[in-house]
Amino acid sequence: MTQAHPSRHLDRRRLLQLSGASAAAIALGISAPDADAESLPHRAGLFGLGVASGAPRPDGAVLWTRLAPEPLAEDGHGGMPLRPASVRWEVARDPDFRRIDRRGQALATPELAHAVHPRVEGLEPATDYFYRFVVGRQISPVGRFRTLPAAGMEVDSFSVGVVSCQAWYHGHFTTHKHLAAEEDLDLVLFVGDYIYEYGITEANLWRQGAEVTTAHAVETETLEQYRLRYSLFKSDPHLMTLHARAPSVSVWDDHEVQNGYSGHSSTSGVPDELFAHRIAVAYRAYYENMPLDIAALPDGPSTDITTGFDVGTLARFSLLDSRQFRDGEPEDTDEQYAEDRTILGTEQEAWIEQRLIDSPATWNLMANGVVLAAISEDRTDMWDGYPAARQRLLDVMSVSRNPVMLTGDIHRHVAAELKADFADPGSENVGVELICTSVASDGDGAPTDSYTDDWTQHEYVKLYDGRRGYVHVRLTPEEMVSSFYIVEWVEADDSAPRELRARFRTPADDPRLSPVTEELR
Ligand SMILES: [Fe+2]
């Protein structure tokens with residue numbers, strides 16, 4: 001499924017040689033001797049970080065778990081001894097595993113924080129499956145996934161939950177609880193800031209009832225610190241439930257490494273040569289903790305998370321990396337408006353243009369870390385900082401079928417129609433952008449705030465809300481229905497009910513956001 005850029009192929013063989021036979025065994029699916037499972041720690045169970053599936057295909061998916069009997073052990077190893085452990089996995093059509101469809105083994109090694117990413121293949125398309133992991137006598141929680149429809153197949157409906165910005169310390173993951181329990185879900189899409197790198201102290205710990213040790217008080221810089229940060233965030237029970245509920249795919253934004261970083265450059269004055277180390281360990285921890293294909297295993301400070309997949313003829317998804325290849329902050333407006341300025345990098349830009357133009361699908365969804373719509377030229381961290389690159393993408397969207405951008409980053413629900421030329425508000429719509437508010441970042445929030453007018457002054461912005469929530473997108477051959485849910489609070493506890501804040505219909509081949517008001521409570 002991964003459709004890598006031709007010239008960004010990573011030298012996996014070299015990396016596997018460096019990592020030793022254990023990593024090679026994972027990549028190749030070779031089973032290793034059972035590493036005396038009975039002697040492994042089991043005080044809290046080995047599966048303290050839950051299970052996940054991802055990278056779905058018509059014939060299977062990647063399964064994920066990370067052995068961690070003590071997820072918050074401060075060395076980042078989750079309480080595991082520094083030796084490999086063999087992990088069995090099983091896939092079945094029934095949740096009781098009476099008949100196993102596929103089974104296999106993967107090796108959990110300390111080099112990859114005892115995470116495993118086996119790819120299960122040979123399954124039926126558009127079918128529900130259950131999976132679990134087994135180590136010795138310990139059995140993991142059961143997860144489920146649905147395989148994608150076969151290529152070229154007509155599909156009646158496909159539903160995606162979109163979430164973003166999980167500042168664990170700012171609130172409870174109530175949003176995930178509702179998304180997992182109450183929505184029809186073929187896929188969950190994380191659109192960036194899965195973790196935050198900031199030190200967590202009394203000052204920013206707004207999540208009531210939570211406590212953290214001083215190990216979390218510093219900004220993450222080392223591999224061990226990033227691993228521990230993933231463990232902390234992933235220890236949220238609602239996030240684990242959501243991962244077990246449906247397969248997920250993800251793009252990242254900046255906080256998976258450092259606030260505001262560009263390409264290979266930090267925002268803290270660290271020389272690029274030194275910052276490369278931090279990028280390398282942050283990307284590695286991301287791979288370790290997400291249900292990603294082996295193609296996303298980083299090679300030092302570079303990795304390929306740009307990927308895509310088709311949902312029959314209904315939808316084509318393209319996951320973009322808007323961090324790793326972007327030019328840095330502009331010095332002045334000449335630089336900001338320069339024709340050759342890029343946010344995706346030349347190769348990725350060519351890749352997405354070709355995918356849009358060649359697409360056989362009715363709907364063409366892209367996901368990226370930062371807002372595409374024109375809001376203010378002062379917001380240089382978003383596509384507003386890359387106007388020539390935005391125009392090139394809009395030009396391609398104008399000749400594509402039903403392009404939709406899915407975005408996070410701003411901790412606000414925003415829905416915007418995308419104009420052929422943002423300098424001419426009367427120009428035609430070429431697509432729509434659905435911007436998902438945060439799961440927890442910025443705490444409870446409020447319906448309006450000091451930024452509201454900056455956004456709603458534009459006629460093409462159809463929604464603004466500063467509370468926490470998620471977006472649910474349902475695609476059919478006739479229309480896309482996007483539903484923006486909010487929860488009133490996240491700081492005090494996880495009991496807030498969800499509320500439907502806005503719902504829009506976008507008819508196929510008519511790129512607009514048409515409010516649906518009769519269904520709002
Ligand atoms: Fe964020």
Side-chain angles (χ1 to χ4, degrees), residues 1-10 54-55 62 162-165 189-195 197 226 248-267 272 275-276 278-309 316-329 341-356 364-372 381-383 385-386 389-390 392-393 396 403-409 433 435-436:
M1 182 176 75
T2 297
Q3 299 176 12
H5 301 266
S7 58
R8 284 207 285 128
H9 281 161
L10 305 179
V62 167
V162 185
V163 289
S164 176
C165 294
L189 171 61
F190 292 90
V191 282
D193 295 353
Y194 190 94
I195 61 156
E197 81 284 16
Y226 279 104
S248 60
V249 294
S250 53
V251 298
W252 57 33
D253 193 24
D254 52 344
H255 289 287
E256 284 84 353
V257 179
Q258 183 197 38
N259 180 40
Y261 86 101
S262 303
H264 297 288
S265 300
S266 82
T267 42
D272 285 3
F275 192 61
R278 183 164 170 188
I279 291 177
V281 299
Y283 287 2
R284 187 179 181 93
Y286 183 81
Y287 171 77
E288 289 172 351
N289 285 282
M290 303 299 275
L292 293 166
D293 253 319
I294 190 78
L297 180 64
D299 186 3
S302 72
T303 189
D304 184 2
I305 62 157
T306 306
T307 188
F309 53 92
R316 165 166 283 191
F317 284 79
S318 301
L319 308 180
L320 301 173
D321 181 342
S322 48
R323 276 292 152 193
Q324 192 179 180
F325 309 106
R326 65 161 62 187
D327 290 331
E329 285 277 302
R341 191 165 160 73
T342 181
I343 183 168
L344 297 178
T346 312
E347 292 168 26
Q348 186 177 208
E349 204 174 293
W351 177 81
I352 187 58
E353 289 180 6
Q354 206 59 49
R355 276 183 68 78
L356 287 172
N364 285 283
L365 295 100
M366 294 168 277
N368 98 125
V370 291
V371 172
L372 179 63
D381 187 59
M382 316 192 313
W383 286 76
Y386 305 81
R390 172 169 58 208
R392 290 192 293 275
L393 183 57
V396 177
V404 176
M405 184 62 92
L406 303 168
T407 308
D409 181 41
E433 182 169 24
I435 302 163
C436 182

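Minimum heavy-atom separation, Ser164 to Cys436: CB-O, 4.0 Å. Heavy-atom minimum distance, Ser248 versus Pro291: OG-CG, 3.6 Å. Between Leu356 and Met366 the shortest heavy-atom distance is CD1-SD, 4.1 Å. What you find for Ala55 and Asp293 is that their closest heavy atoms are CB-OD2, 3.7 Å.
Here the CD atom belonging to Glu256 is positioned 7.5 Å from the CG atom belonging to Asp254, to the nearest 0.5 angstrom. Interatomic distance, Arg341 CZ to Tyr386 OH, rounded to the nearest 0.5 Å: 4.5 Å. To the nearest 0.5 Å, the span separating OG on Ser318 from CD on Gln348 amounts to 9.5 Å. Separation of atoms OH (Tyr287) and CG (Leu292) is listed at 7.5 Å; rounding is to 0.5 Å. Atom CG of Asn289 sits about 8.5 Å away from atom CD1 of Ile195, to the nearest 0.5 Å. In this structure, OG in Ser265 is found 8.0 Å from CZ in Phe275, a value given to the nearest 0.5 Å.
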Residues Leu365, Phe317; criterion side-chain contact (heavy atoms from CB on, under 4.5 Å); working and verdict: CA-CA 5 Å; Leu365 295 100; Phe317 284 79; 4.0 Å; yes

Ile305 and Tyr286: CA distance, side-chain angles, deciding distance, side-chain contact (heavy atoms from CB on, under 4.5 Å) verdict: CA-CA 10 Å; Ile305 62 157; Tyr286 183 81; 4.2 Å; yes

Derivation of the side-chain contact (heavy atoms from CB on, under 4.5 Å) call for Val162 and Phe190: CA-CA 6 Å; Val162 185; Phe190 292 90; over 6 Å; no

side-chain contact (heavy atoms from CB on, under 4.5 Å) evaluation trace for Val251 with Asn368: CA-CA 6 Å; Val251 298; Asn368 98 125; 5.6 Å; no

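In this structure, the side chain of Arg278 engages the main chain of Val257 through a donor-acceptor pair within 3.5 Å. Under a 3.5 Å cut-off, the side chain of Arg392 and the backbone N or O of Glu353 do not form any donor-acceptor pair. For the pair Thr306 (side chain) and Leu320 (backbone), a donor-acceptor distance under 3.5 Å is absent. Asp327 contributes a side-chain N or O that, together with a main-chain N or O of Thr342, makes up a donor-acceptor pair within less than 3.5 Å. Under a 3.5 Å cut-off, the side chain of Arg390 and the backbone N or O of Gly385 do not form any donor-acceptor pair. Within the 3.5 Å criterion, the main-chain N or O of Thr303 finds a donor-acceptor partner in the side chain of Gln324. The backbone N or O of Gly369 sits less than 3.5 Å from a side-chain atom of Ser322, completing a donor-acceptor pair. At distances below 3.5 Å, not a single donor-acceptor pair connects side-chain atoms of Asp409 with backbone N or O atoms of Val370. Asn259 places no side-chain N or O within 3.5 Å of a backbone atom of His255 that could act as its donor or acceptor partner. Using modelled atom types, no side-chain atom of Asp299 and backbone atom of Ser302 make a donor-acceptor pair closer than 3.5 Å.
Each of Val191, Ile435, Leu393 was compared with Met405 under the side-chain contact (heavy atoms from CB on, under 4.5 Å) criterion, and only Leu393 meets it.
A donor-acceptor pair shorter than 3.5 Å cannot be found between the side chains of Arg284 and Tyr226. Side chains of Arg326 and Ser262: no donor on one and acceptor on the other come within 3.5 Å. Using modelled atom types, one finds a donor on one side chain and an acceptor on the other under 3.5 Å when comparing Glu433 with Thr407.
Ion pairing between a basic and an acidic side chain is recognised when a charged N comes within 4.0 Å of a carboxylate O; Asp381 and Arg323 show such pairing.
Counting only heavy atoms from C-beta outward, the side chains of Leu189 and Val163 never approach each other to under 4.5 Å.
Between Trp252 and Tyr194, the ring centre distance reaches or exceeds 6.0 Å.
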